[in-house]
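A short write-up of the structure that comes next.
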Amino acid sequence: MIESHRTVDSLVIRTALAAEAADIAALHLRARSTYYPDGFPEDGTDWPARWREAVEHPDGQVLCAVRDGHLAGIASFRTPPGAPADTVKLFQFHVDPGRWRAGIGTALHTACVEEWRANGRRTAVLEVHADNRRAQAFYTRRGWTPDPGHPPAEDDHLHLCFAVPGE
């Protein structure tokens with residue numbers, strides 16, 4: 001687990017704080033709104049509370065990327081219920097749209113992979129919205145492939161998997 005922080009250029013990647021839940025939820029909304037044609041659907045979810053729960057979840061981790069003192073990206077992962085101990089699920093991964101193509105996603109993904117490897121994870125899984133072509137291309141460039149155990153779902157999500165490189 002990243003206890004302190006690491007700096008790459010002017011980007012700091014560190015463990016998120018519960019007090020940042022509202023800012024994380026706002027970034028989450030901005031990012032997800034980009035791939036919903038009619039805007040992010042309002043379903044009554046209290047996203048700041050959900051992010052606070054994710055940050056405080058004892059078996060999970062939320063990393064944040066901070067550039068020039070501003071939240072620029074977030075990643076949330078943990079072992080999904082019923083999965084083998086060496087499997088991790090990337091539940092959320094977002095970069096602020098105003099900071100796309102600046103290396104933040106790459107650095108944040110690299111930090112996730114380092115955490116997974118350090119914690120003995122060998123397989124990572126995720127679901128990506130079928131309309132989010134940008135994210136799909138990002139994950140493909142990093143070695144994610146369609147999950148053979150989960151063919152394309154009818155719920156508008158694709159299931160991808162990633163073999164965490166060993167040491």
Taking the side chain as everything from C-beta on, heavy atoms only, tell me whether Phe162 gets closer than 4.5 Å to Val113.
yes
Criterion side-chain contact (heavy atoms from CB on, under 4.5 Å) against Phe77, the qualifying member of Lys89, Arg121, Glu115
Glu115
Which is it for Leu90 and Trp116 under the side chain to side chain contact (heavy atoms under 4.5 Å, CB included) test, yes or no, and what are the steps along the way?
CA-CA 10 Å; Leu90 184 59; Trp116 300 338; 4.2 Å; yes
Would you kindly confirm whether Leu17 and Leu108 end up in one hydrophobic cluster when ILVMFWY residues are joined by side chain heavy atoms under 4.5 Å apart?
no
Using only atom types and a distance under 3.5 Å, with no angle test, would you say the side chain of Arg117 pairs donor to acceptor with the backbone of Pro165?
yes
Mark yes or no for whether Gln136, through its side chain, and His129, through its backbone, hold a donor-acceptor pair below 3.5 Å.
yes
Once rounded to the nearest 0.5 Å, what's the spacing between atom CD1 of Ile104 and atom CD1 of Ile74?
12.5 Å
Could Arg141 and Phe138 be counted as a cation-pi pair, given that NZ or CZ must be under 6.0 Å from the ring centre and within 45° of the axis?
no
Supply the atom-to-atom distance Arg50 CZ to Ile24 CD1, rounded to the nearest 0.5 angstrom.
14.0 Å
Donor-acceptor side-chain pairing of His28 and Trp47 below 3.5 angstrom
no
Identify the two heavy atoms, one from Val55 and one from Ala16, that lie closest to each other, and give their separation to 0.1 Å.
CG1-O, 3.5 Å
Looking only at atom types and distance, does a side-chain atom of Asp96 sit under 3.5 Å from a main-chain N or O of Arg99, one as donor and one as acceptor?
no
Quick one, Leu158 and Pro146 - any side-chain contact, counting heavy atoms below 4.5 Å?
no
Give me the atom names and distance for the closest heavy-atom approach of Thr79 to Pro84.
CG2-O, 3.8 Å
Could you walk me through whether Arg142 and Thr110 pass the side chain to side chain donor-acceptor pair (under 3.5 Å) check?
CA-CA 9 Å; Arg142 277 142 196 87; Thr110 298; over 6 Å; no
Taking every heavy atom of Phe93 against every heavy atom of Gly105, the minimum-distance pair comes out as CZ-O, 3.4 Å
Rounded to the nearest 0.5 Å, the CG atom of Leu27 sits from the NE2 atom of His70 at a distance of 12.5 Å
Decide yes or no for Thr15 and Gln61: does some side-chain heavy atom of the first lie under 4.5 Å from some side-chain heavy atom of the second?
yes
Considering all heavy atoms of both residues, which atom of Ala31 and which atom of Val95 are nearest to each other, and what is their separation?
CB-O, 3.8 Å
If I take atom CH2 from residue Trp100 and atom NE2 from residue His94, how far apart are they, to the nearest 0.5 angstrom?
11.0 Å
Please report the shortest heavy-atom distance between Arg30 and Pro97, naming the atom on each side.
O-CG, 3.5 Å
When rounded to the nearest 0.5 angstrom, what distance separates CG in Leu126 from CG in Asp147?
9.0 Å
Between His109 and Tyr139, what is the ring plane arrangement, given parallel below 30°, perpendicular above 60°, and tilted in between?
tilted
Looking at CD of Gln92 and CD of Glu127, how far apart are the two atoms once the value is rounded to the nearest 0.5 Å?
10.5 Å
Pro48 versus Trp51: any side-chain heavy-atom pair under 4.5 Å?
no
